[in-house]
Amino acid sequence: AEALNSLAQDPGLFPLVPRFSVFLYEGVKVYAIKHDMHSLRHLVRMCKALLENASLYLEKYLHYLLPSMITCAVTRQPCMRPEVEDQWTFRQEAAKLVALMSR
């Protein structure tokens, strides 16, 4: 929780935004293939925290963030046991971020 708060509030993170963007992009690629919704959910929360940070300008990095969140929202099977895990809430969280980035 502290890490997400730092991502959402720390104004000095701008030099790290390119690395965070690539980390999200690569992480979603890996965990979507593995159907690891738990890890994907952490990446979605990380993206949300970055978007909440008013001091960061993420426009230059949308080509990493937007496809990652679209993948989370529409991937065929985000988890190994879709009948047990709440994939629809996860998809909705990712879709909300896509809508936020599209504004």
Side-chain angles (χ1 to χ4, degrees):
E2 279 186 48
L4 292 176
N5 286 336
S6 178
L7 288 174
Q9 297 171 359
D10 190 343
L13 292 177
F14 188 71
L16 297 173
V17 170
R19 294 181 190 270
F20 289 146
S21 301
V22 172
F23 177 80
L24 279 166
Y25 181 78
E26 295 296 328
V28 168
K29 283 196 319 187
V30 169
Y31 294 125
I33 291 170
K34 292 183 176 183
H35 309 293
D36 185 353
M37 191 172 72
H38 179 73
S39 296
L40 287 170
R41 182 164 290 164
H42 287 295
L43 293 172
V44 168
R45 289 179 181 152
M46 180 182 174
C47 184
K48 180 180 180 192
L50 288 170
L51 290 168
E52 289 174 350
N53 191 329
S55 64
L56 300 180
Y57 301 100
L58 300 175
E59 289 82 13
K60 288 175 54 176
Y61 308 101
L62 288 178
H63 65 283
Y64 288 115
L65 302 176
L66 199 52
S68 299
M69 294 305 105
I70 291 172
T71 296
C72 289
V74 302
T75 188
R76 190 179 76 213
Q77 184 179 346
C79 54
M80 294 299 280
R81 301 178 319 163
E83 67 280 352
V84 176
E85 298 182 67
D86 186 13
Q87 65 172 314
W88 299 110
T89 301
F90 164 74
R91 290 175 188 272
Q92 189 174 24
E93 289 172 16
K96 285 180 182 179
L97 294 181
V98 171
L100 182 64
M101 285 185 269
S102 299
R103 292 183 187 172

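Checked by atom type and distance alone, the side chain of S6 never pairs as donor or acceptor with a backbone atom of E2 at under 3.5 Å. D36 places no side-chain N or O within 3.5 Å of a backbone atom of Y31 that could act as its donor or acceptor partner.
The line from CG of D10 to CG of N53 is 7.0 Å long, rounded to the nearest 0.5 Å. Atom CG of L62 sits about 11.5 Å away from atom CE of M69, to the nearest 0.5 Å. Once rounded to the nearest 0.5 Å, the distance linking CD of E52 with CZ of R45 reads 12.0 Å.
Using a 4.0 Å cut-off between charged nitrogen and carboxylate oxygen, E93 and K96 do not count as a salt-bridge pair.
Using a 4.5 Å heavy-atom cutoff, the side chains of S21 and P18 are not in contact. Taking the side chain as every heavy atom from C-beta outward, C47 and M101 approach each other to under 4.5 Å.
Of the listed residues (H35, H38, Q87), just one forms a side-chain contact (heavy atoms from CB on, under 4.5 Å) with P78, and that residue is Q87.
Between C72 and T75 the shortest heavy-atom distance is O-CG2, 4.0 Å. Closest approach of F23 to L43, counting heavy atoms only: CE2-CD2, 3.7 Å.
Other members of the cluster containing V22 are Y25, Y64, with ILVMFWY side chains joined at under 4.5 Å, either directly or via other members.
Residue Y61 qualifies as enclosed at atom OH: its count of foreign heavy atoms under 6.0 Å is above 12.
Legend: residues meeting salt bridge (Lys or Arg N to Asp or Glu O under 4.0 Å) with E85, ordered by chain and number and at least two apart, are absent.
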